[in-house]
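Predicted model, so just to flag it, every value in this text is computed and none were measured. Proteins get letters first, then strands, A, B, ... in listed order; numbering begins at 1 in each.
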There are 2 protein chains.
Amino acid sequence: MTTRSSTDAARVIPEATVARLPVYLRALTALADSGIRTCSSEDLATAAGVNSAKLRKDLSYLGSYGTRGVGYDVDYLRYQIAREIGVTQDWPVVIVGIGNLGHALANYSGFRSRGFRVVALLDAAESVVGQSVAGVVVRPFDHLEEIVREHDVAIGVIATPAVAAQDVADRMVAIGITSILNFAPAVVAVPEGVDVRKVDLSIELQILAYHEQRKANGAEAAATDGGAA
Amino acid sequence: MTTRSSTDAARVIPEATVARLPVYLRALTALADSGIRTCSSEDLATAAGVNSAKLRKDLSYLGSYGTRGVGYDVDYLRYQIAREIGVTQDWPVVIVGIGNLGHALANYSGFRSRGFRVVALLDAAESVVGQSVAGVVVRPFDHLEEIVREHDVAIGVIATPAVAAQDVADRMVAIGITSILNFAPAVVAVPEGVDVRKVDLSIELQILAYHEQRKANGAEAAATDGGAA
DNA sequence: AGGAGTTTGTGAACGTGAGAACAAAATGGG
DNA sequence: CCCATTTTGTTCTCACGTTCACAAACTCCT
Ligand SMILES: NC(=O)c1ccc[n+]([C@@H]2O[C@H](COP(=O)([O-])OP(=O)(O)OC[C@H]3O[C@@H](n4cnc5c(N)ncnc54)[C@H](O)[C@@H]3O)[C@@H](O)[C@H]2O)c1
Ligand SMILES: NC(=O)c1ccc[n+]([C@@H]2O[C@H](COP(=O)([O-])OP(=O)(O)OC[C@H]3O[C@@H](n4cnc5c(N)ncnc54)[C@H](O)[C@@H]3O)[C@@H](O)[C@H]2O)c1
């Protein structure tokens with residue numbers, strides 16, 4: 001017999017699935033916005049840009065929220081995914097390093113609409129501290145601890161230069177932040193129990209360049225090769 | 001017998017490895033900058049934040065560039081990886097959508113230093129066109145074709161709102177761009193042969209939130225549970 | 001009510017990736 | 001010159017992720 005409590009600890013969701021759930025959430029929101037109340041796995045898979053079998057398998061890890069022969073109720077499924085991810089509540093976030101990128105992040109409205117609230121912008125440079133960015137005053141990096149305690153912040157964003165990233169991460173971890181999103185092109189080491197995700201523009205471009213080069217070489221080979229055909 | 005030519009078409013590098021090569025490249029550059037001329041797989045693995053067995057396996061797909069008992073020559077390996085990725089040459093790039101994010105990207109120096117050259121900034125809004133951003137004048141989106149032909153651009157960056165992303169991608173593809181880096185939170189469909197990579201801040205945060213929630217629930221369960229132990 | 005038609009949820013097959021372990025190849029000391 | 005030591009390159013095994021294929025479950029029409 002399987003106990004099915006709502007906080008079933010045994011139910012573990014594969015990492016690859018977790019990474020796709022936000023995509024499904026977004027696709028469901030788009031469907032709901034166009035007034036669609038029900039959709040099949042095929043519809044949703046198309047909207048999310050994945051294969052429908054994969055979608056169904058992913059959703060099956062959450063539970064059985066569809067109806068055979070009918071499909072999924074858009075709002076209901078959306079709520080279930082949001083609950084699973086944890087974005088039915090609001091997550092307070094701090095951003096450290098208010099340079100070019102930090103400004104853009106501070107001005108980004110997508111945070112708020114997706115369950116995240118920027119509670120503070122921090123920077124080490126005196127020239128930046130005190131500036132008002134997106135209606136929020138930039139505070140000194142030293143205030144990190146105070147802010148984190150006050151708002152019970154668990155998620156920190158690093159948008160400093162690469163050299164500062166490890167220091168900032170260390171401070172964050174020391175103060176109790178357990179999830180870090182790192183935009184600096186640097187490997188940051190953190191203790192067990194702390195999650196770091198990195199977003200790295202250069203790496204993405206280099207991956208594209210690799211495939212681009214392969215395409216070019218392939219075309220070249222084909223031209224040399226198949227020219228006489 | 002295995003033919004080993006330098007342009008061996010049969011040699012295929014796993015996607016997971018391709019995604020790590022830029023990380024190794026960066027770590028090697030950091031080592032070179034600190035004056036280190038030789039390193040073991042262990043050293044490099046530590047710098048890159050991976051396991052040394054994985055590093056050696058990854059490098060083995062490129063060829064046999066180390067010396068047993070000694071390690072790798074930093075500069076030589078760096079060159080080999082750069083060549084494999086295709087960043088020994090310069091890749092021209094266009095950025096479309098010069099809003100908050102587009103500004104940050106335009107000002108980002110990491111492009112240039114990693115083999116990418118921003119040849120144009122494009123926007124559809126008249127209020128933005130003509131502005132000078134990072135010393136480059138923003139041009140109308142309509143100029144895309146002209147610019148792409150002139151500079152032989154293969155890589156395009158989308159930093160427009162989500163609703164415009166598919167349209168922009170379609171235009172890019174029609175004109176001959178075959179690699180797209182998409183920052184807009186939207187699924188863009190492209191024909192076979194075109195690569196799209198997406199960078200999505202909200203998804204990253206939501207993945208962190210999921211794990212954060214699990215940590216919280218786990219702690220809660222442990223507190224309820226193990227309190228009596 | 002019953003059967004035809006849909007669509008989900010999942011078991012099983014397949015492919016890719018990670019890591020341990022070790023043989024092969026190089027160095028350096030005696 | 002030979003042997004101990006170091007470190008690479010590769011093989012083997014296991015885990016994870018993707019896709020197929022189909023039974024189970026539901027709706028709707030007659
Ligand atoms: N600009 C982009 O589009 C872009 C794109 C991808 C990655 N990045 C990366 O993001 C990071 C930020 O880029 P940017 O262009 O905004 O750089 P930037 O130099 O404009 O801004 C960095 C900010 O961090 C602050 N800072 C420096 N050290 C600090 C510390 N120890 N504590 C707190 N704040 C500190 C600086 O005062 C500055 O305001 C860099 O690592 C960059 O490589 C930027
Ligand atoms: N700002 C951020 O930090 C951030 C972070 C993550 C993701 N994003 C995403 O990146 C995208 C850009 O964000 P932003 O904050 O810079 O938005 P923004 O509104 O400031 O800028 C968007 C720009 O795109 C231009 N544009 C609109 N339609 C266009 C079209 N069809 N062709 C060419 N240009 C067009 C607009 O004129 C505007 O200048 C959005 O999709 C956003 O969700 C932004």
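- The separation between A:I13 atom CD1 and D:dG17 atom P is 12 Å, rounded to whole Å.
- Donor-acceptor pairing under 3.5 Å is recorded for the side chains of A:Q166 and A:D170.
- In this structure B:E212 satisfies the side chain to side chain contact (heavy atoms under 4.5 Å, CB included) test together with A:W91, A:A154, A:T178, A:S179, B:K215, sequence neighbours excluded.
- If you measure from atom CG of A:L55 to atom C1' of D:dT18, you get 13 Å, rounded to the nearest angstrom.
- The side chain to side chain contact (heavy atoms under 4.5 Å, CB included) test applied to B:N100 returns A:A104, A:N107, not counting sequence neighbours.
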note = Nucleotide by nucleotide, nucleotides 11-20 of chain C touches protein heavy atoms under 4.0 Å in the pattern (B base, S sugar-phosphate only, - none) BB----SBBB

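- By the side chain to side chain contact (heavy atoms under 4.5 Å, CB included) test, B:T46 is found to be paired with no residue, residues two or more places apart in sequence or in another chain being considered.
- Here B:Y61 lies out of heavy-atom contact (under 4.0 Å) with every strand.
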task = Decide ring-ring contact (aromatic ring centres under 6.0 Å, His included) for B:Y76 and B:Y65; before the verdict, give the C-alpha distance in whole Å, the side-chain angles of both, and the deciding distance to 0.1 Å.
result = CA-CA 8 Å; B:Y76 181 59; B:Y65 297 131; 5.7 Å; yes

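- Open room surrounds CZ on B:R112; 12 or fewer heavy atoms of other groups in view lie less than 6.0 Å from it.
- Checked against C:dA23, D:dT27, C:dT8, the side chain of A:Y72 finds its nearest nucleotide in C:dT8.
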Show me the donor-acceptor pairs within less than 3.5 Å that the side chains of residues 30-39 of chain A make with the rest of the protein, sequence neighbours left out.
from: A:S34; atom 1: OG; to: A:A30; atom 2: O; distance (Å): 2.8
from: A:S34; atom 1: OG; to: A:L31; atom 2: O; distance (Å): 3.3

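- At a cut-off of 3.5 Å, with distance as the only test, no side-chain donor of B:R83 or B:T88 sits close to an acceptor on the other residue.
- A:L59 has its CG atom 14 Å from the P atom of D:dT18, to the nearest Å.
- A straight line from CG of A:L77 to C1' of C:dG9 spans 14 Å, rounded to a whole angstrom.
- Atom P of nucleotide D:dT18 and atom CZ of A:R56 are separated by 15 Å, given to the nearest angstrom.
- When all heavy atoms are compared, the tightest approach of A:A27 to A:L44 is CB-CD1, 3.8 Å.
- Between the CZ atom of A:R68 and the P atom of D:dC26 there is a distance of 8 Å, given to the nearest Å.
- At D:dT8, none of the side-chain N or O atoms of B:T67 fall inside 4.0 Å of OP1 or OP2 (strictly under the cut-off).
- Within a heavy-atom distance below 4.0 Å of DNA chain D, the residues of residues 30-50 of chain B found are B:S40, B:S41.
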